Amino acid sequence: MSLDYENDGALHEKIIEDVLAAYPDKFAKRRRKHLSVATPAGAEETAPAEETLLTECDVKSNIKSIPGVMTIRGCAYAGSKGVVWGPVKDMVHISHGPVGCGQYSWSQRRNYYIGTTGIDTFVTMQFTSDFQEKDIVFGGDKKLDKVISEIESLFPLNHGVTIQSECPIGLIGDDIEAVARKKKKEIGKTVVPVRCEGFRGVSQSLGHHIANDAIRDWVFEKQDGEIAFEGTPYDVNVIGDYNIGGDAWASRILLEEMGLRIVGNWSGDATLAEIERAPKAKLNLIHCYRSMNYICRYMEEKYAIPWTEYNFFGPSQIAASLRKIAKHFGPEIEEKAEAVIAKYQPLVDAVIAKYGPRLKGKSVMLYVGGLRPRHVITAYEDLGMEIAGTGYEFAHNDDYQRTGHYVKNGTLIYDDVTGYELEKFIEKIRPDLVGSGIKEKYPVQKMGIPFRQMHSWDYSGPYHGYDGFAIFARDMDLAINNPVWGLFDAPWKAKPAPAFLDAAE
């Protein structure tokens, strides 16, 4: 279902100019390249209907944030430890450096997993080498060696260790690779050094890339002998699904119902073994393109495994993705995919019948990372809602090209938006709902606007799959139609206070 609507592009252009007017000329010129309005795309006569480009989203991206600006981005360490490696449940992930980075990133992503914490799974535990001043002066290699030995003694059922480097490691030049090689021989397990110091790159995006390269160099390229594995023609890897609130489990249900076998789901609820056997699959299904396309491209080049993106947000995209995936496997799987779609159609109809009338015509502004600024758009539109603006924290140019397949003409587009810009855009557009992160949640709610946390689903979820769509619809309805919004006025609508107090009679 694709709603037929357009946004007021002229109004959005004026809003951009009004916001930039507050900046010095030089800074305004720089920021102007990151702010735009979606314009109609040229017709692609040869493109399939599902790949038709609706608009052009022409903004500059993946550029270093301006010092002093309240950017909402993270660092390379966050991209590696917090996104790619952290959810791998049977490995211990050491935050190598001072305690703060590990402490503040501790278990905040809601990566669900199955296992016994502290015995065979370690996702929600915090391991740090706790650098002190003497470690900065004399180096931390010996301390890292000791930490890995202690982990092996205290948690013998771990299947490996990753070393997630924090900023000081790169600055003082510690040789974590040498430590990793030494400890691998001693303990006989995989030890992965990751050069994800926070100062590298312009955002967490480089951390994703570095983590992908570490999988290539320290897992795939260092396997001892052939992995014992009995394959089938229907083996797939699900890559870039981090099981936020159980998303990967909801996706797995649909893929298995259509006859596929998931041999690896990483890194949400993943084991090291699932990563090691990934080259045995027949197809890689990539959910978060931004964070995991690098390893998918490598597997395509090295092992001739094709890859395809999929989107399990909302019934329209679920059906399209199931059909696209099924085409890789032939008529038998295509028939089963159609049966899965038909099975859940009554649920979809019931959800839309219940929530559609309450949400139809409501406007939404999004500002998230990864793939969500585009992937969730159709889920909102399936409920009759309209997207007024969307943007990414750390996107690259190809992300905005992909966004053109989703957004309508006139949609406000913003890249690495500053806190000031986002606040002013919301204030002037006054959407019915904002979907962004925890840092934006409370200022937006204080503006009198409903908000949903679209990084970790505001402690709800899953949002993937048909069951997830029902939860998604419920949550959006709870946010927008909560009676609390009628119980107070926004500050700019408040009546002026009297100049003096009236005397009591």
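In this text, all values refer to a predicted model and were calculated from it rather than measured experimentally.
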Could you tabulate the donor-acceptor pairs under 3.5 Å formed by side-chain atoms of residues 211-219, not counting sequence neighbours?
residue : atom : partner : partner atom : Å
Asn212  : OD1  : Ile295  : N            : 3.0
Asn212  : ND2  : His208  : O            : 2.8
Asn212  : ND2  : Ser291  : O            : 3.0
Asp213  : OD1  : Arg216  : NH1          : 3.4

Can you give each donor-acceptor pair under 3.5 Å made by side-chain atoms of residues 137-144, sequence neighbours left out, with the distance rounded to 0.1 Å?
residue : atom : partner : partner atom : Å
Asp141  : OD1  : Asp175  : N            : 3.4
Asp141  : OD2  : Asp175  : N            : 3.4
Lys143  : NZ   : Ser129  : O            : 3.0
Lys143  : NZ   : Asp130  : O            : 2.8
Lys143  : NZ   : Asp135  : OD2          : 3.1

Donor-acceptor list for residues 78-86 side chains, cut-off 3.5 Å, not counting sequence neighbours:
residue : atom : partner : partner atom : Å
Ser80   : OG   : Gln164  : OE1          : 2.7

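Note on ring orientation: taking the six-membered ring where Trp is involved, the planes of His287 and Phe313 are tilted (angle from 30° to 60°). The aromatic rings of Phe472 and Phe469 lie parallel to each other, their planes meeting at an angle below 30°, with 60° marking the opposite boundary.
Atom CD1 of residue Ile377 and atom OG1 of residue Thr403 lie 6.5 Å apart, to the nearest 0.5 angstrom. Rounded to the nearest 0.5 Å, atoms CG (Leu272) and CH2 (Trp266) are 10.5 Å apart.
Salt bridge status for Asp235 with Lys280: absent, with no side-chain N to carboxylate O gap under 4.0 Å. Salt-bridge annotation for Lys324 and Glu309: absent, with no side-chain N of the basic residue lying under 4.0 Å from a carboxylate O of the acidic one. A salt bridge links Lys343 to Glu257: one of the charged nitrogens lies within less than 4.0 Å of a carboxylate oxygen. A salt bridge is absent between Glu300 and Arg297: the closest approach of a Lys/Arg side-chain nitrogen to an acidic carboxylate oxygen does not fall below 4.0 angstrom. Remark: Glu332 engages Lys336 in a salt bridge, criterion side-chain N to carboxylate O under 4.0 Å.
Under the side chain to side chain contact (heavy atoms under 4.5 Å, CB included) criterion, Glu338 pairs with Arg323, Ile341, not counting sequence neighbours. Applying the ring pair (Phe, Tyr, Trp, His ring centres under 6.0 Å) test to Phe131 and every residue at least two apart in sequence or in another chain returns His96. In this structure Asp467 satisfies the side-chain hydrogen bond (donor to acceptor under 3.5 Å, both in side chains) test with no other residue, sequence neighbours excluded.
A cation-pi arrangement is not found for Arg290 relative to Phe394, the charged atom failing to lie both closer than 6.0 Å to the ring centre and inside a 45° cone about the ring normal. A cation-pi geometry, defined here as NZ or CZ lying under 6.0 Å from the six-membered ring centre and within 45° of its normal, holds between Arg402 and Tyr289. With a 6.0 Å cutoff to the six-membered ring centre and a 45° limit on the axis angle, Arg474 does not count as a cation-pi contact of Trp457.
Here Phe312 and Tyr466 keep their ring centres 6.0 angstrom or further from each other.
No hydrogens or angles considered: a donor-acceptor pair under 3.5 Å links the side chains of His455 and Glu393.
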